[in-house]
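Below is one structure, written out as structure tokens, with a few remarks after it.
Order of the sequence lines sets the chain letters (A, B, ...), proteins ahead of strands, with each chain counted from 1. As a basis for the values below, the full set of heavy atoms in this structure was taken, side chains included, without hydrogen atoms, waters or symmetry mates.
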Protein chains: 2
Amino acid sequence: MGYACLMPVDRAQVLHSAAALLTRKSTATMDEVARAAGISRATLHRHFAGRDALVRALEDLGIRECEAALDRARLVEGRAEDALRRLIREIEPAAPLLAFLTTENQLFEGDAQNEGWTRLDTRMAELFRRGQEAGEFRIDLTPAWLCEALYGLVGSAAWSVQDGRVAAKDFSFMIAELLLGGVRRRVEP
Amino acid sequence: MGYACLMPVDRAQVLHSAAALLTRKSTATMDEVARAAGISRATLHRHFAGRDALVRALEDLGIRECEAALDRARLVEGRAEDALRRLIREIEPAAPLLAFLTTENQLFEGDAQNEGWTRLDTRMAELFRRGQEAGEFRIDLTPAWLCEALYGLVGSAAWSVQDGRVAAKDFSFMIAELLLGGVRRRVEP
DNA sequence: CCCTGATGAGACATCTGTGTCTCACGTGGG
DNA sequence: CCCACGTGAGACACAGATGTCTCATCAGGG
């Protein structure tokens with residue numbers, strides 16, 4: 001089988017452009033979302049039954065891309081610091097999507113999809129816990145807070161890049177350096 | 001003159017409850033906002049001509065509270081690190097409001113109110129720049145990024161506290177410690 | 001060559017939120 | 001005591017988004 005038309009709709013591409021738009025304008029119309037994806041409202045509605053379905057699909061994709069990033073980052077291998085750097089690097093493509101989803105907290109209330117986020121949180125928290133046990137990371141910041149902080153920094157960075165305030169190539173560096181070393185100057189590298 | 005009724009509407013209180021609600025559910029109805037504030041939709045509409053006016057008022061209040069926090073923090077006095085800690089402590093009451101406003105980036109596009117945010121950004125960036133020049137802060141992270149990161153961490157912390165994932169009393173500590181020192185364990189304090 | 005399948009454009013009814021209005025109630029002041 | 005003021009409740013029309021439909025178009029496969 002396979003698609004038969006000139007411009008078969010790439011589901012993931014539509015979802016990514018929708019995330020990019022909705023991150024900037026959370027009240028964007030279905031028509032605006034369609035236009036942003038370069039398709040018509042009718043086609044958008046053929047693939048996603050409604051706005052709810054679209055957001056659910058966005059959440060699905062976000063969870064799957066994050067899990068894939070976590071897999072690629074091999075969080076359990078090597079030093080926790082290196083694993084965290086890998087994670088930040090691998091999660092960069094999903095950053096706009098993640099930025100949108102973290103602001104849509106309304107989704108997180110009372111749905112089964114919460115399980116997906118819980119699994120992600122657990123894996124990330126495990127990385128921070130491992131770093132703490134290995135003596136790499138300080139123990140006075142809880143893994144749960146570090147997870148939230150990572151989400152927040154990824155969102156801020158994605159927004160800054162999208163807005164042109166910082167260079168896209170510095171994405172990983174900025175997050176990793178700030179999260180790992182903080183802003184205070186270190187006497188010895 | 002003065003208020004004559006049993007329950008005169010406290011404008012700031014309405015705005016804060018609106019911010020708390022809209023942070024969780026950005027698409028909340030005017031009716032929901034009114035209920036959350038304990039007033040009727042009619043009264044809400046008497047004080048804020050419409051949803052736009054409400055959000056504008058939210059933005060006004062957010063800017064004013066942030067500026068007040070910056071004033072109280074005395075950013076130009078003493079060590080930059082101490083000033084930053086003061087800033088985080090003083091900005092805590094405005095955190096939910098700030099968390100909402102930072103996610104409503106749609107507002108930041110093409111309006112005169114942008115000037116208020118620019119002034120805030122400038123003052124914060126000046127603090128980071130001062131710390132860098134004094135040798136307290138590292139110079140490979142731009143003040144602009146540090147500002148964005150601070151916004152992101154404040155938002156994450158506010159959301160975490162609101163969700164019960166972290167204790168409210170740790171708000172300042174978590175942000176300040178992570179932002180200043182990072183997650184990496186330091187050999188010497 | 002025709003047929004299948006997916007798309008774009010547009011029309012249409014519906015629904016939800018919004019903005020405005022009126023009316024009744026209760027409190028505080030004159 | 002009565003009046004003024006602000007509020008709550010509800011009705012109402014309006015605007016915009018949504019969901020569904022039809023029809024024309026066009027590429028690829030049998």
[X] [atom1] to [N] [atom2]: how many Å, rounded?
{"X": "A:F48", "N": "C:dA6", "atom1": "CZ", "atom2": "C1'", "result": "15 Å"}
{"X": "A:D52", "N": "D:dG19", "atom1": "CG", "atom2": "C1'", "result": "12 Å"}
{"X": "B:L44", "N": "D:dA9", "atom1": "CG", "atom2": "C1'", "result": "15 Å"}
{"X": "A:M30", "N": "C:dT16", "atom1": "CE", "atom2": "P", "result": "16 Å"}
{"X": "A:D31", "N": "C:dT7", "atom1": "CG", "atom2": "C1'", "result": "15 Å"}
{"X": "B:D10", "N": "D:dT7", "atom1": "CG", "atom2": "P", "result": "11 Å"}

Item to check | Closest to side chain of A:T43, choosing from C:dG8, D:dT7, C:dG19 | outcome: C:dG8
Next on the checklist: Heavy atoms from C-beta onward define the side chain here; which of C:dG8, C:dT18, D:dT18 lies closest to that of B:T29?
Outcome noted: C:dT18
Would you give the length of the straight line joining atom [atom1] of [X] to atom [atom2] of [Y], rounded to the nearest 0.5 angstrom?
{"X": "A:E136", "Y": "A:R130", "atom1": "CD", "atom2": "CZ", "result": "7.0 Å"}
{"X": "A:R123", "Y": "A:E67", "atom1": "CZ", "atom2": "CD", "result": "5.5 Å"}
{"X": "A:L127", "Y": "A:L146", "atom1": "CG", "atom2": "CG", "result": "9.5 Å"}

Checklist entry - Is there side-chain contact between B:D121 and B:Y151, with at least one heavy-atom pair below 4.5 Å? => result yes
Next on the checklist: Is there, by distance only and without an angle test, a donor paired with an acceptor across the side chain of A:R46 and the base of C:dG8 below 3.5 Å?
Outcome noted: yes
Checklist entry - Taking only side-chain nitrogens and oxygens of A:R35, does any of them come within less than 4.0 Å of OP1 or OP2 of C:dG8? => result no
Checklist entry - Under 4.0 Å between a side-chain N/O of A:H47 and OP1 or OP2 of C:dT7, yes or no? => result yes
Item to check | Given DNA chain C, 5'-ward residue of the pair A:S40 and B:H45, judged by closest heavy atom | outcome: A:S40
Checklist entry - Touch check for A:R41, heavy atoms < 4.0 angstrom, all strands: base, sugar-phosphate only, or nothing? => result base
